[in-house]
*Asks:* 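Just passing along the structure, written as structure tokens.
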Amino acid sequence: MKKPPHNSPIFTRYDLNVEDRHHQGARKVSSDLLLQRVADSLVTGDEDETCMAVSQALNAHKPLEIINESLIPGMQEVGRLWDLGNYFLPQVILSSDAMIAGITLCEEEMGHSMERKAKVVTHTAEGDIHDIGMQIVNALLRAGGFDVISLGADVPIEEVVDACRIHRPVMLTGTALMTTTMTAFPRIAMRLKESGLDIPFVCGGGALSEEFVTSFELGIWGSDAAQAASMAEDALSGLDWRQLRAKWNG
Amino acid sequence: MKKPPHNSPIFTRYDLNVEDRHHQGARKVSSDLLLQRVADSLVTGDEDETCMAVSQALNAHKPLEIINESLIPGMQEVGRLWDLGNYFLPQVILSSDAMIAGITLCEEEMGHSMERKAKVVTHTAEGDIHDIGMQIVNALLRAGGFDVISLGADVPIEEVVDACRIHRPVMLTGTALMTTTMTAFPRIAMRLKESGLDIPFVCGGGALSEEFVTSFELGIWGSDAAQAASMAEDALSGLDWRQLRAKWNG
Amino acid sequence: MKLTDSMAYSNPQEMMFGFAQKPVTTRRGLVIGGGSVIAEIVPHPRPGSEKTLHTLLREFERANGDALERCVDIGTPNLVLENEHVFQMTDDAHWGREIAALSIRQLDEFAEQYGLKAAYRATIADLRKPDMVNIRDSERTSKVLEAFDACAEYADILSIESIGGKEIFDHCIIRNDITGMLFAQGVLGSRDMAWLWPQIVEIADKHGSIAGGDTDCSQANTAMFMAGGFTGKALSHSLAALSRAMAVGNSLVAYECGASGPGKDCAYENPIIKAITGLPMSMEGKSCACAHSSLCGNVMAAVCDLWSNEAVEYHRMFGGSTSAVFSEILSYDVASMNTAIQLGYQREYQACMVASDRYRSLQGFILSPDNAWAIGKAVVDNNQSYYARTLAAALTCGELMLADPQLYFTSYEKESLAGYMTELEKLPQEEEDFIDLCLHKYAQVKGFLPQAYGL
Amino acid sequence: MKLTDSMAYSNPQEMMFGFAQKPVTTRRGLVIGGGSVIAEIVPHPRPGSEKTLHTLLREFERANGDALERCVDIGTPNLVLENEHVFQMTDDAHWGREIAALSIRQLDEFAEQYGLKAAYRATIADLRKPDMVNIRDSERTSKVLEAFDACAEYADILSIESIGGKEIFDHCIIRNDITGMLFAQGVLGSRDMAWLWPQIVEIADKHGSIAGGDTDCSQANTAMFMAGGFTGKALSHSLAALSRAMAVGNSLVAYECGASGPGKDCAYENPIIKAITGLPMSMEGKSCACAHSSLCGNVMAAVCDLWSNEAVEYHRMFGGSTSAVFSEILSYDVASMNTAIQLGYQREYQACMVASDRYRSLQGFILSPDNAWAIGKAVVDNNQSYYARTLAAALTCGELMLADPQLYFTSYEKESLAGYMTELEKLPQEEEDFIDLCLHKYAQVKGFLPQAYGL
Ligand code: B12
Ligand code: B12
């Protein structure tokens with residue numbers, strides 16, 4: 001079958017145009033070789049290597065040191081590369097898996113689990129089984145140091161409200177990919193208001209629009225899972241839903 | 001340039017498929033030759049011929065007779081052929097022009113204008129100059145024997161409300177072809193309610209949907225100009241906007 | 001002014017999509033009609049967004065941005081972005097200017113960041129409704145010209161859908177009165193364009209913008225739209241086809257006044273205009289179903305240089321906003337045409353587009369390149385007057401339809417067409433006589449103001 | 001069950017849109033794959049309309065009616081109308097039945113009144129989310145089967161987008177884990193279809209309906225969708241391409257169990273399936289941009305038998321409802337393909353569709369007929385096991401991409417692809433060994449239930 005001449009005006013490979021526009025590697029996070037090795041293993045997202053590196057480091061360092069001076073800064077590097085557009089999603093997920101494994105080791109050593117920043121409840125709308133978006137959100141929130149209580153997919157409204165009543169999270173997230181299921185969110189928001197729970201409710205998922213989410217109280221629209229952690233940070237720092245909406249939407 | 005073989009599965013000429021499905025001519029409306037000639041001239045939509053036929057008939061018949069026994073029944077035949085799908089729009093418009101000319105002659109003879117069924121106010125939405133739909137509606141309402149007060153295109157809300165206050169029509173119509181102008185209709189309806197004018201407000205035009213029009217009080221959705229006259233008849237016979245909506249929408 | 005007396009193309013076979021005899025290059029270096037077809041996307045603001053300049057700017061920022069982003073995401077090399085003014089943008093030139101400026105900023109960002117080559121077309125709204133104002137001398141008239149001046153600063157291309165003759169046309173179209181339509185389209189419309197377009201061209205030149213072109217949308221498209229599909233009962237398709245042919249006499253004037261193309265998408269007479277002028281033309285067909293249905297969805301692509309969706313209201317769909325979705329559909333439409341050119345299969349591809357619709361409908365038939373060219377030929381061979389060439393276009397159009405045995409008519413269409421032809425054949429030779437006849441016949445039409453046409 | 005060991009087409013040049021080796025005829029006499037391409041329109045109900053059966057019926061009545069009306073208005077000879085079940089229609093079989101019955105009534109009315117030939121496809125929603133229920137034995141499982149039985153009474157064609165393996169796939173896709181994706185698509189998905197499809201075929205036969213086919217939408221389309229366009233950063237395009245190739249091992253099972261086609265529109269693996277089976281396939285590309293974007297909008301038409309919009313939510317546009325608008329767009333798309341066939345230009349036309357996207361993206365490249373055929377060949381040549389053929393599909397797909405110098409990669413894509421290939425090459429020979437490996441590796445994945453796959 002005939003083929004068009006090279007460089008014909010049929011399409012443009014913009015991915016090649018912008019390639020290595022911003023090429024950058026991970027930065028060094030520690031002068032200590034053992035700690036740097038832990039960080040490196042995170043950056044490559046190699047869970048086994050992370051576990052080995054952490055156990056080694058535990059001979060010379062306190063668990064908390066390892067967490068604060070290699071695992072967390074290492075993960076921050078990963079986040080930076082992702083923000084830069086150098087890293088793709090799976091790299092971030094793998095790093096976060098590795099970090100969690102590393103932290104678990106440290107926690108065993110400490111004999112108690114480390115202090116998480118705060119609780120975040122996540123779920124996928126009732127009647128909706130499209131939960132990949134939520135899974136990404138979960139991973140990125142965990143990577144950000146939050147205690148994620150994920151209710152899973154197709155979660156009844158009541159269950160969501162109860163979970164908020166019990167856990168008092170700094171933030172609630174919802175994912176919906178169907179216009180026929182997203183209608184659950186305003187109802188959840190209403191029930192939360194009724195129960196006096198003014199929790200910022202970040203809603204995302206293919207079906208949602210900024211218009212829709214900002215049309216009900218508590219609602220903040222999330223266009224990209226990558227925003228989840230920073231939004232939780234904001235909530236943690238005391239911004240209420242109106243302030244979050246003002247900052248992230250519009 | 002190559003042509004495809006005849007009857008190839010590229011398209012189907014459905015217009016030919018259904019052609020002369022329902023072929024019918026106009027029915028006789030009067031045994032009186034002069035009156036029938038008037039009716040015939042209407043059916044062919046020949047205004048000059050109608051005028052001649054009417055002046056002739058006036059020698060033998062009372063003006064009101066001519067109106068009631070040839071002009072009106074003749075126009076009814078036209079309406080019937082249009083409903084059957086035998087007649088196209090222009091044929092109806094021309095017949096209605098002819099009828100109006102004929103009636104004018106009779107009125108001159110009577111020395112006073114004939115009793116119209118009732119008043120109907122028509123307009124095209126503020127900011128909208130798409131008024132052909134309205135022009136069709138005007139012609140068909142006149143053909144139906146109604147006294148049409150047409151405010152024209154791009155009519156300010158206040159003007160519409162005032163016209164209703166002054167004329168107290170049995171029905172108000174609005175036409176809008178732009179989604180950016182149709183928003184005037186709910187506001188008109190509201191102002192009418194405020195002024196205690198519960199006039200059925202039939203809204204049509206490419207931009208409108210049944211959902212939209214039935215979302216505000218007084219609103220009745222008109223999908224086709226051909227409905228206007230029958231709707232006015234219903235209003236005249238005492239149906240209120242709710243009953244009209246129930247009958248024509250949903 | 002001397003009317004065009006020759007064809008740019010010596011025969012229809014020379015005409016091909018993506019190629020115009022006189023390509024146009026925008027100030028951003030986008031070449032139109034220079035060997036490839038380019039998508040022209042037209043987003044339309046949602047109701048309510050026109051309430052304030054701020055909300056309308058936001059709306060266009062979104063709609064334009066979504067279109068540009070989608071083009072980058074799927075690899076569309078070039079794009080023309082058109083904003084058809086809503087009332088407010090022309091009524092207040094400041095609005096038009098701000099939105100043009102915004103759009104240009106967006107275009108330049110994408111050019112800078114990705115290398116996407118694009119152009120911006122501003123289509124001013126013709127607010128001069130003839131039965132409401134004196135189209136040559138009214139506040140609305142000056143507003144239209146101010147809007148042109150304001151947008152020309154930024155826009156790569158300027159257009160309008162002028163509505164001269166519309167008051168007569170509307171009166172006649174619903175009365176099956178082809179004489180009046182000929183008067184409205186051929187005489188009044190042409191005279192209005194001859195008055196309006198030199199001013200537009202001057203404004204464009206002053207700002208280094210391109211005077212694109214005009215369309216007889218207000219008349220021929222009303223006819224096409226009312227004739228509708230195979231179940232339509234509002235108008236005969238033959239009248240709509242004749243109205244299309246008569247549109248040429250009208251739209252051609254813009255180019256005779258110095259418009260250089262790309263012509264306006266909704267001008268379905270553009271295949272004829274291109275045959276005459278050799279200028280690049282924007283056209284629309286199947287992928288403008290979002291704006292209105294047509295019976296010539298494929299054939300319209302046969303000789304297009306830009307390929308448009310006419311207008312789509314900004315809304316979410318599962319696949320993104322309508323602006324993104326239709327950019328993608330248009331992009332792939334033109335990609336296959338450009339591939340055909342690259343592979344040397346453009347003739348075969350064109351034949352498929354034409355044969356798809358040639359006998360589907362009268363509109364499709366007369367807009368097939370060969371017939372379009374023949375109508376154009378009649379226009380230039382009868383250049384004694386606007387009237388003469390418009391009448392010739394209509395007569396030739398009718399003869400072409402009657403001559404092809406593969407083109408079937410319902411009995412109603414056959415009768416109608418016969419009727420129109422006899423009516424046309426009975427019309428006077430000279431323009432003056434025709435004008436006198438019409439001035440008398442239509443004196444009573446609401447809002448008709450002969451002076452507004454210099455009559 | 002013995003796995004397919006031969007190709008229906010002895011070479012890719014034999015494959016052409018509109019022609020399937022084994023055409024299918026519906027109970028209404030519509031022939032699919034018999035020499036012309038037919039549009040498949042898929043309207044989707046608006047949010048809120050699912051509240052009651054009454055409102056949902058009204059919604060589909062409108063959406064279906066608009067599509068049929070538009071086809072008559074523009075002269076579309078044939079149509080396939082698909083309703084993709086929303087949750088409620090499958091959850092309560094009565095709803096599914098009522099809507100199927102209504103749709104059939106509408107089809108028959110139009111056939112009677114105008115002679116429009118159409119068919120109705122009911123696509124049942126697969127509610128058996130593996131990490132929530134035992135997909136072989138749960139209330140949802142029986143509901144799915146009941147829905148099939150209820151709709152088979154009326155529907156001309158039955159389909160489903162089954163989701164076996166999805167729990168593992170979702171876990172692995174976001175972890176760049178191709179081994180797990182191979183397990184999910186090749187082993188789990190295939191075993192689920194082998195369990196599910198004989199039951200569907202039996203139901204279809206009982207009612208004289210057609211068991212259309214399945215799709216790996218739940219997996220390969222998730223990958224394609226996440227890889228996105230040229231600015232996407234969620235997933236590598238090479239992984240999405242490999243996932244597409246692996247989808248064949250999965251979707252093919254439905255046909256091995258007796259499904260006869262037309263395959264499901266969203267199965268972008270269908271060109272490969274058609275090469276293997278010779279059955280008619282529904283495909284989607286540029287005109288399903290309303291449902292999602294893609295980098296293979298034209299090439300997907302190269303060997304399609306039905307041409308679909310995947311799904312469009314019912315809404316008003318200027319040109320009518322989305323259902324009418326997309327029926328018109330699809331109608332003209334297929335009209336030009338059918339014209340090409342009639343003129344004998346189908347090869348040239350096909351070449352344009354293919355060359356438009358062949359080097360635009362990896363997905364477009366591997367779905368070009370020649371590559372699709374080659375991947376199919378690898379599948380049938382390695383029919384020892386589901387695992388073996390799926391692995392072969394992936395490896396061949398990777399080799400094809402690496403072998404063509406005109407196909408460019410970003411460095412990230414190059415690295416990624418190299419990585420996947422080495423990982424695949426290291427995998428065990430035998431299916432049992434692979435299964436053991438995976439049962440161990442993914443034992444901890446939330447909701448993974450080996451017994452649900454007979455493991
Ligand atoms: C994969 C897929 C499936 C998979 C889902 C697997 C899974 N576990 O998720 C399967 C096969 C199971 C499936 C089933 C169905 N699907 Co489906 N599916 C898709 C598809 C192709 C891709 C969705 C996806 O995974 N996207 C990738 C993820 C990552 O995107 P995302 O979730 O939106 O998340 C991103 C952002 O939104 C954001 N985000 C998301 N959540 C949050 C939260 C926070 C806090 C923040 C900050 C950000 C954020 O972050 C992510 C990016 O970083 C879409 C196509 C489309 N156009 O969307 C259809 C689609 C969603 N499905 C659709 C349909 C109709 C169905 C079915 C009903 C089909 C059927 N008849 O069987 C069933 C649904 C059954 C049910 N009750 O849910 C329709 C929905 C139509 C509608 N009503 O809106 C779509 C749109 C396809 C279409 N065009 O018709 N589907
Ligand atoms: C002809 C036309 C024009 C003509 C109008 C001439 C005239 N005097 O009407 C002209 C050229 C002037 C024009 C101008 C413009 N137009 Co214009 N125009 C059209 C077009 C092509 C056809 C409209 C038409 O005549 N239809 C035929 C009539 C008979 O249909 P109808 O009015 O709907 O009436 C039928 C039914 O609705 C019903 N009906 C109507 N009223 C009533 C009332 C009652 C009581 C009942 C019972 C029934 C009923 O009966 C009729 C059938 O029997 C449409 C295309 C489209 N898709 O609609 C665009 C369209 C309406 N125009 C459009 C636009 C954007 C414009 C402009 C802004 C373009 C510009 N930038 O210049 C300007 C508008 C300026 C302004 N402020 O109004 C858009 C509107 C977009 C939107 N926001 O919704 C459309 C939809 C085109 C598009 N796809 O973008 N236009």
Side-chain angles (χ1 to χ4, degrees), chain A residues 1-8 10-20 23 45 47 82-94 96-97 124 126-136 138-140 150 152-154 176-183 206-207 212 224-226, chain D residues 12-13 44-50 86-88 91 127 129 131-132 163 166 170-177 222 225-226 229-237 239 292 295 313 347-348 350-352 354-361 364 368-370 406 408-413 416 446-447:
Chain A
M1 195 182 280
K2 260 195 182 181
K3 291 178 188 179
H6 182 39
N7 280 335
S8 52
I10 297 172
F11 58 78
T12 302
R13 284 286 303 273
Y14 294 106
D15 54 342
L16 298 170
N17 288 9
V18 300
E19 176 159 26
D20 48 53
H23 239 338
E47 187 170 330
W82 157 261
D83 292 339
L84 276 175
N86 291 359
Y87 262 27
F88 276 52
L89 178 70
Q91 301 169 284
V92 181
I93 304 279
L94 290 171
S96 97
D97 287 356
T124 296
E126 179 161 9
D128 202 327
I129 62 176
H130 297 92
D131 60 2
I132 298 184
M134 178 197 67
Q135 291 186 36
I136 300 172
N138 291 346
L140 297 179
S150 183
D154 188 7
L177 269 84
M178 300 175 63
T179 50
T180 44
T181 59
M182 65 185 188
T183 45
F212 177 75
D224 195 314
Chain D
Q13 290 73 39
H44 195 89
R46 274 168 298 188
S49 60
E50 77 286 357
V86 290
F87 183 80
Q88 294 78 356
D91 187 55
L127 308 177
K129 186 143 194 282
D131 58 354
M132 291 165 58
I163 59 179
K166 187 69 187 156
D170 288 353
H171 173 86
C172 298
I173 181 103
I174 56 177
R175 291 177 170 75
N176 223 358
D177 177 354
T222 307
F225 188 86
M226 290 181 69
F230 290 137
T231 63
K233 291 276 177 207
L235 206 74
S236 71
H237 289 275
L239 186 58
H292 65 82
L295 285 161
E313 191 166 272
R347 291 261 150 254
E348 291 80 1
Q350 186 185 49
C352 297
V354 174
S356 155
D357 304 342
R358 185 184 181 84
Y359 296 113
R360 183 188 297 265
S361 73
S368 297
D370 54 343
Q406 277 181 265
Y408 297 105
F409 294 84
T410 62
S411 48
Y412 173 76
E413 292 292 349
S416 312
K446 174 168 162 299

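Predicted model only: the values in this text are computed from it and were never measured. In what follows, every chain begins at residue 1, and chains take the letters A, B, ... in the order their sequences are listed.
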*Asks:* Distance check, rounded to the nearest 0.5 Å: A/I10 atom CD1 versus D/C352 atom SG?
*Replies:*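 So the CD1 of A/I10 and the SG of D/C352 are separated by 8.5 Å.
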*Asks:* What residues, two or more places apart in sequence or in another chain, satisfy ring pair (Phe, Tyr, Trp, His ring centres under 6.0 Å) together with A/F88?
*Replies:*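 If we apply the ring pair (Phe, Tyr, Trp, His ring centres under 6.0 Å) test to A/F88, skipping adjacent residues, the hits are D/Y412.
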*Asks:* Out of curiosity, D/L127 CG to A/I129 CD1, how far, rounded to the nearest 0.5 Å?
*Replies:*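 Reported value, rounded in 0.5 Å steps: 7.0 Å.
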*Asks:* With a 4.5 angstrom heavy-atom cut-off, could you sort out which part of D/E348 is near chain A: side chain, backbone, both or neither?
*Replies:*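 Contact with chain A: none, neither part.
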*Asks:* Quick one: NZ on D/K233 to CG on A/N86, what's the gap to the nearest 0.5 Å?
*Replies:*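 The distance works out to 7.0 Å.
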*Asks:* Tell me, side chain or backbone of D/T231 under 4.5 Å from chain A's heavy atoms, or both, or neither?
*Replies:*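 No part of it gets close to chain A.
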*Asks:* What distance separates D/K446 NZ from A/Q135 CD, expressed to the nearest 0.5 Å?
*Replies:*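 Interatomic distance, D/K446 NZ to A/Q135 CD, rounded to 0.5 Å: 7.5 Å.
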*Asks:* Could you check if a side-chain atom of D/K129 sits within less than 4.5 angstrom of a side-chain atom of A/D131, using non-hydrogen atoms only?
*Replies:*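 Touching, per the 4.5 Å side-chain cut-off.
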*Asks:* With a 3.5 Å distance limit and no angle check, can you tell me whether A/R13 reaches the backbone of D/Y408 through a side-chain donor-acceptor pair?
*Replies:*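 Present.
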*Asks:* Side chain, backbone, both or neither: which part of A/D97 has an atom under 4.5 Å from a heavy atom of chain D?
*Replies:*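 Just its side chain gets close to chain D.
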*Asks:* Please evaluate residues D/K166 and A/I132 with respect to the criterion side-chain contact (heavy atoms from CB on, under 4.5 Å), reporting the C-alpha separation (whole Å), side-chain torsions for both, the decisive distance (0.1 Å), and the verdict.
*Replies:* CA-CA 11 Å; D/K166 187 69 187 156; A/I132 298 184; 4.1 Å; yes
*Asks:* In Å and rounded to the nearest 0.5 Å, what is the CG to CZ distance from A/N17 to D/F230?
*Replies:*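 A/N17 CG to D/F230 CZ: 9.5 Å, rounded to 0.5 Å.
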*Asks:* Taking side-chain contact (heavy atoms from CB on, under 4.5 Å) as the criterion, tell me which of D/I173, D/I174, D/L235, D/N176 meets it with A/L89.
*Replies:*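 When side-chain contact (heavy atoms from CB on, under 4.5 Å) is applied between A/L89 and each of D/I173, D/I174, D/L235, D/N176, only D/I174 qualifies.
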*Asks:* Could you pull out all residues at least two apart from D/H292 that satisfy ring pair (Phe, Tyr, Trp, His ring centres under 6.0 Å)?
*Replies:*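 D/H292 satisfies ring pair (Phe, Tyr, Trp, His ring centres under 6.0 Å) with D/Y268 only.
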*Asks:* Please look at A/T12 and chain D and tell me whether the side chain, the backbone, both or neither of the residue comes under 4.5 angstrom of a heavy atom of that chain.
*Replies:*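 Contact with chain D is through the backbone of A/T12 alone.
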*Asks:* Which residue out of D/A234, D/P12, D/S368 racks up the most heavy-atom pairs below 4.5 Å with chain A?
*Replies:*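 Among the listed options, the one with the most contacts to chain A is D/A234.
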*Asks:* What closest approach, in Å, do A/E19 and D/F409 show between heavy atoms, and which atom pair accounts for it?
*Replies:*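 Here A/E19 and D/F409 meet closest at OE1-O, 4.4 Å.
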*Asks:* Please flag which part of D/D370 lies under 4.5 Å from any non-hydrogen atom of chain A: side chain, backbone, both or neither.
*Replies:*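 Contact with chain A involves no heavy atom of D/D370 at all.
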